[in-house]
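Here's the structure, in structure tokens; my notes come after.
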Amino acid sequence: MEHSPRPHYHVAVKPNSFALPSHRGNRESPARDRLIQAVRSLLEKHHPSQLTTSMILKEAGVARNTLYLHFEDLSNLLETVLLSIFSKSVEENVQAAQTLVDGSKTKAELLGRMHELIADAQSDARQVNRFARCRLVAYSEANPRLAKLLAAEQTRLTAQFQKVFETIKEKGWLREHVDPAAAGVLVQAMTLGKVIDDVSDKHLPRSVWNKMFSDVILRSLIKD
Amino acid sequence: MTAGPHQNFVQGTRNRRLRGSAVKQALLAAAERLLQTHTPNDITTTMILREAGVARGSLYHHFDSQAELLESAMLLMFSHHVTDNIQMLDSVVNQSRNRHEFLAGLKQVTQISQGKDRRASRFARIRLIAAAEHNPRLEQLLSKEQTRLTRALTKIIESAKTNNWIQKDIPSAALAVFIQSYTLGKVVDDLVAKPIDPLDWNDLIGMFVERTLTKSR
């Protein structure tokens, strides 16, 4: 057990007197995109709390003033990127589910192809996304600006999941008394909750977890 | 935190006194109480000392820093909540005389453990996971605690299986993790302005229990 640095419960921010929220620049600017892209690639190798303004500016090839034209502060830039990483990955899953449901002519077809979708959404590669989502929830507690962004994003995503289950209902495959919105929350809860396994000493075999996940959908949500 | 032989490892210069462990408990309990109503960032050392009725110097006898105290308190809070849930489940398994009673008991546990007033506990667990990501000491403590809890839950599931109340082909350890997963994951619904109806959620979990877990369909 070595002595470790004191924890940061939110992204470290240096107060910045230049930040004037009302002076934020055009959302579609190439400099803004370059900053976002720079943070994305830095986050592949570093924890958010390790990123400094200089690192990001160097990676993006952008001047310091430009950063503050587009973002209130470093923290705001990091939040924006973390949120977009999180919502992009969830959105990919929900869109794949919607496409699958829309394209299935029979219930058997839906169930047959559902396994691939689950295997992808629950893969080890998504561990990063699970931690990113936890981090966002944790940061948002002490950061009303982020909490508001996250609430809006989460509402949007839950609505998309709800639509998937509504489509299943329209096709007559949803079990009676299953509320589509609650079902949408359940699949997201199960997906995020796998983080429990990530933090444990011993990990469950992937196939065991995926079987559990598909059994719940198959037996509890979908009609026999 | 248990005091082990390697305790002094954490920082060689600072000796933790074994006596005065009551003071340590008071500090932890005070921090845990404050965490029910405040986020860790809002909690100051002064607040903890006042709540505990303890002098400033005592804090540093027992903890390297205020951050370490808060970490330990968060971990304690997390353990308490999960242990509560596990004890409820344990008594359901032990006191049920038949499958019907077992299902009714599970329904009650669901209502309590998934409820709105557990919101703070869901956030606390998420906070710990996020904080542990870049804090090896906390990561180790969390992983140890998580493993202990999963093992306890696995044991309860095993004993429900001997009564034929849970299908034997479901792996116990996987189920233990799974139950904790959706319990924690419900935090996604805590974030939004318009959460789902708690009754709809309970129905859904009830459906899972009835259709996936228990025998005789």
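Each chain gets a letter, A, B and so on, in the order its sequence line appears, and its residues count up from 1. Only a predicted model underlies this, so the values are computations on that prediction, with no experimental measurement involved.
Considering CD of B:Q167 and CG of A:D215, their distance stands at 9.0 Å, rounded to 0.5 Å. Separation of atoms CZ (B:F208) and CZ (A:R219) is listed at 10.0 Å; rounding is to 0.5 Å.
Between the side chain of A:R135 and the backbone N or O of B:A130 there is no donor-acceptor pair closer than 3.5 Å.
Side-chain N/O atoms of B:T212 and A:S220 include a donor and acceptor closer than 3.5 Å.
Relative orientation of the A:H47 and B:H134 rings is tilted, given thresholds of 30° and 60° on the angle between their planes.
Looking only at heavy-atom pairs under 4.5 Å with chain B, the residue among A:A147, A:G193, A:S140 that has the most is A:G193. Your options are A:V178, A:V199, A:D198, and the one with the most heavy-atom pairs under 4.5 Å with chain B is A:V199. For the set A:Q50, A:R133, A:E141, the count of heavy-atom pairs under 4.5 angstrom toward chain B peaks at A:E141. When A:V208, A:L204, A:L192 are compared by the number of non-hydrogen pairs under 4.5 Å with chain B, A:L204 comes out ahead.
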- [ ] Start with the C-alpha distance between A:V137 and B:R122, add both sets of side-chain angles, then the distance that settles side-chain contact (heavy atoms from CB on, under 4.5 Å), and finish with yes or no.
- [x] CA-CA 10 Å; A:V137 174; B:R122 289 189 282 271; over 6 Å; no
TODO: For A:V216 and B:Y182, run side-chain contact (heavy atoms from CB on, under 4.5 Å): C-alpha distance rounded to whole Å, both residues' side-chain angles, the deciding distance at 0.1 Å, then the answer.
DONE: CA-CA 11 Å; A:V216 170; B:Y182 63 70; over 6 Å; no
TODO: Apply salt bridge (charged side-chain N to carboxylate O under 4.0 Å, His left out) to the pair A:D224 and B:R211, showing each step before the final yes or no.
DONE: CA-CA 11 Å; A:D224 287 331; B:R211 306 270 320 164; 2.7 Å; yes
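If you measure heavy-atom distances from A:L150 to chain B, the contacts under 4.5 Å come from the side chain alone. For A:L221, the part lying under 4.5 angstrom from a heavy atom of chain B is the side chain only.
For a heavy-atom cut-off of 4.5 Å, chain B lies close to A:A151, A:Q154, A:T155 in residues 151-167 of chain A.
Heavy-atom contacts from other residues, nucleotides or ligands closer than 6.0 Å to CD of A:E116 number 12 or fewer.
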